[in-house]
Amino acid sequence: MIPIIQQLINGLVIGAIFSLIALGLTMIYGVLRVLHFAHGAVYMLGAYFGFVLLSTYTNNIWISLLISSILTGILGILISVLIYNPIIKAKTHPIAPLIAGLGAYMVLSELARIIWGPYTRSFSIGFPLINFNLGAFSLSFGQLSILLITISIIIILHFFLKYTKLGLSIRAVSQDPDTSSIYGVNVNAVIYLTFFVGSAFAGLAGLLVGIYYNSIYPSMGLSPLSVAFAVIIIGGMGSILGSILGGFLLGIISTILFVYLNLPLSSYGYIFLILILFLIFRPTGLFGKEEEVRA
């Protein structure tokens with residue numbers, strides 16, 4: 001049996017992807033109070049954008065990761081402008097944005113199926129086949145890349161939100177958009193910026209997973225989306241810290257349980273079992289707080 005420390009490393013890598021997806025979802029929820037179902041399609045399209053870049057325009061994985069993130073960030077802004085803004089301004093039923101986001105996910109997934117086909121595609125270029133053997137465990141170049149990229153993003157995001165004017169504006173809008181507007185914050189610009197950053201994170205995660213597993217397909221965003229929702233609920237709705245820790249914890253715990261418990265459950269089954277327990281015993285999550293619904 002693989003040593004438990006190796007499984008911890010594997011869980012950390014999976015948790016890094018969970019956290020990266022959930023970070024964007026949490027940020028968008030924070031400023032708009034919308035469960036952004038189209039986030040899964042943005043994740044999937046990030047992988048396909050990178051696939052096109054690596055197949056046609058460049059052999060450099062890092063350039064493709066950067067450009068794919070920018071493209072999915074722009075896609076996020078378009079989703080905000082074309083879908084959420086009109087619905088929210090119309091003051092329709094509170095569930096309308098959620099349904100619209102789900103519809104956007106289905107439309108974008110179907111477009112991907114039409115453009116690239118329904119079958120699985122693989123990359124002609126992948127992470128270097130290098131393994132770092134560190135005694136009781138080993139770490140592949142791909143795993144190390146995912147961990148370093150995610151940790152770097154977390155650190156940069158922390159300083160951005162805490163020490164920059166734009167970051168402080170995002171925090172202000174997430175707490176009270178009306179008061180922020182009175183004090184001169186351009187709420188719409190903050191929402192667009194948040195959609196760009198959050199969607200860029202999703203696209204980056206999608207491409208990292210696609211390259212790491214050498215497999216992409218039109219419906220690949222569904223499972224990560226459902227896990228991301230579990231992460232933000234367990235971490236606490238709207239909590240950046242919660243989405244980070246929740247992602248890593250879910251990745252580690254689900255991996256350990258899947259390997260060492262002889263039960264007929266997939267790793268996703270354990271994730272949602274943990275989610276159910278949280279909903280029963282701590283519905284606000286690790287760092288969430290009860291709040292009034294915005295009018």
Side-chain angles (χ1 to χ4, degrees), residues 17-47 49 68-90 92-112 153 157 161 170-171 173-175 177 187-206 209 218-240 242-244 246-247 275 285 288 291 293-294:
I17 293 296
F18 290 168
S19 297
L20 197 54
I21 304 168
L23 266 177
L25 204 58
T26 297
M27 291 179 67
I28 291 170
Y29 176 81
V31 299
L32 211 57
R33 289 301 188 269
V34 167
L35 292 175
H36 179 39
F37 271 94
H39 203 64
V42 175
Y43 165 93
M44 174 270 298
L45 286 172
F49 290 159
S68 180
S69 299
I70 293 172
L71 291 175
T72 49
I74 294 170
L75 175 62
I77 295 175
L78 291 175
I79 291 172
S80 176
V81 172
L82 299 177
I83 297 175
Y84 291 123
N85 275 16
I87 292 174
I88 292 173
K89 287 181 180 179
T92 56
H93 194 280
I95 203 173
L98 186 148
I99 295 174
L102 180 59
Y105 169 85
M106 297 175 70
V107 169
L108 291 172
S109 297
E110 186 65 14
L111 283 175
I153 285 175
L157 182 65
L161 292 176
I170 290 175
R171 292 172 61 189
V173 171
S174 67
Q175 293 176 11
V187 174
N188 283 334
V190 168
I191 291 173
Y192 298 152
L193 173 63
T194 305
F195 263 90
F196 178 87
V197 174
S199 299
F201 288 168
L204 176 62
V209 169
S219 61
M220 66 179 284
L222 184 58
S223 293
L225 175 67
S226 59
V227 171
F229 281 130
V231 169
I232 66 173
I233 292 170
I234 290 171
M237 297 294 286
S239 170
I240 297 290
S243 66
I244 295 169
L275 172 62
E291 60 180 52
V293 179
R294 291 178 185 172

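Using a 4.5 Å cut-off on side-chain heavy atoms (C-beta onward), Phe195 and Val42 make no contact. The side-chain heavy atoms of Ile240 and Leu23, taken from C-beta on, include a pair separated by under 4.5 Å.
The structure places CD1 of Ile153 at 5.0 Å from CG of Leu20, a figure rounded to the nearest 0.5 Å. To the nearest 0.5 Å, atom CE of residue Met106 and atom CZ of residue Phe37 are 11.5 Å apart. With rounding to the nearest 0.5 angstrom, the CG atom of Leu32 is 5.0 Å from the CD1 atom of Ile191. Distance check, rounded to the nearest 0.5 Å: CD1 of Ile21 to CZ of Phe18 gives 7.5 Å. Leu35 CG to Ile99 CD1: the interatomic distance, rounded to the nearest 0.5 Å, is 12.0 Å.
For the pair Ala47 and Gly206, the tightest heavy-atom approach, listed with the atom from each and the gap, is CB-O, 3.5 Å. Across all non-hydrogen atoms, the minimal contact from Ile17 to Ala205 is CD1-O, 4.3 Å. The shortest non-hydrogen separation linking Ser19 to Ser243 is OG-O, 3.7 Å. Across every non-hydrogen atom of Ala112 and Met44, the tightest pair is CB-SD, 3.6 Å. Shortest non-hydrogen contact noted between Pro177 and Val187 is O-CG2, 3.5 Å. Counting all heavy atoms, side chain and backbone alike, Met27 lies closest to Thr194 at O-CG2, 3.3 Å.
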Show the atom names and distances, to 0.1 Å, of all donor-acceptor pairs under 3.5 Å that link a side chain in residues 72-84 to residues at least two apart or in another chain.
{"unit_1": "Thr72", "atom_1": "OG1", "unit_2": "Ser68", "atom_2": "O", "d": "2.9"}
{"unit_1": "Thr72", "atom_1": "OG1", "unit_2": "Ser69", "atom_2": "O", "d": "3.0"}
{"unit_1": "Thr72", "atom_1": "OG1", "unit_2": "Ser199", "atom_2": "O", "d": "3.3"}
{"unit_1": "Tyr84", "atom_1": "OH", "unit_2": "His36", "atom_2": "ND1", "d": "2.8"}

Throw together a table of side-chain donor-acceptor distances under 3.5 angstrom for residues 222-229, partners on residues two or more places apart or in other chains.
{"unit_1": "Ser226", "atom_1": "OG", "unit_2": "Leu222", "atom_2": "O", "d": "3.4"}
{"unit_1": "Ser226", "atom_1": "OG", "unit_2": "Ser223", "atom_2": "O", "d": "2.7"}

Do Ile28 and Val34 pass the side-chain contact (heavy atoms from CB on, under 4.5 Å) test, and can you show the C-alpha distance, the side-chain angles, and the key distance before you say yes or no?
CA-CA 7 Å; Ile28 291 170; Val34 167; 5.5 Å; no

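The side-chain contact (heavy atoms from CB on, under 4.5 Å) test applied to Ser219 returns Tyr217, not counting sequence neighbours. Applying the side-chain contact (heavy atoms from CB on, under 4.5 Å) criterion to Ala96, with sequence neighbours excluded, gives Ile87, Thr92. Every residue was checked against the side chain to side chain donor-acceptor pair (under 3.5 Å) condition with Asn188, not counting sequence neighbours, and none meets it. With sequence neighbours left out, the side-chain contact (heavy atoms from CB on, under 4.5 Å) criterion links Val107 to Leu111. For Leu275, the side-chain contact (heavy atoms from CB on, under 4.5 Å) partners two or more places apart in sequence, or in a different chain, are Ala230, Ile233, Ile234, Phe272, Leu279.
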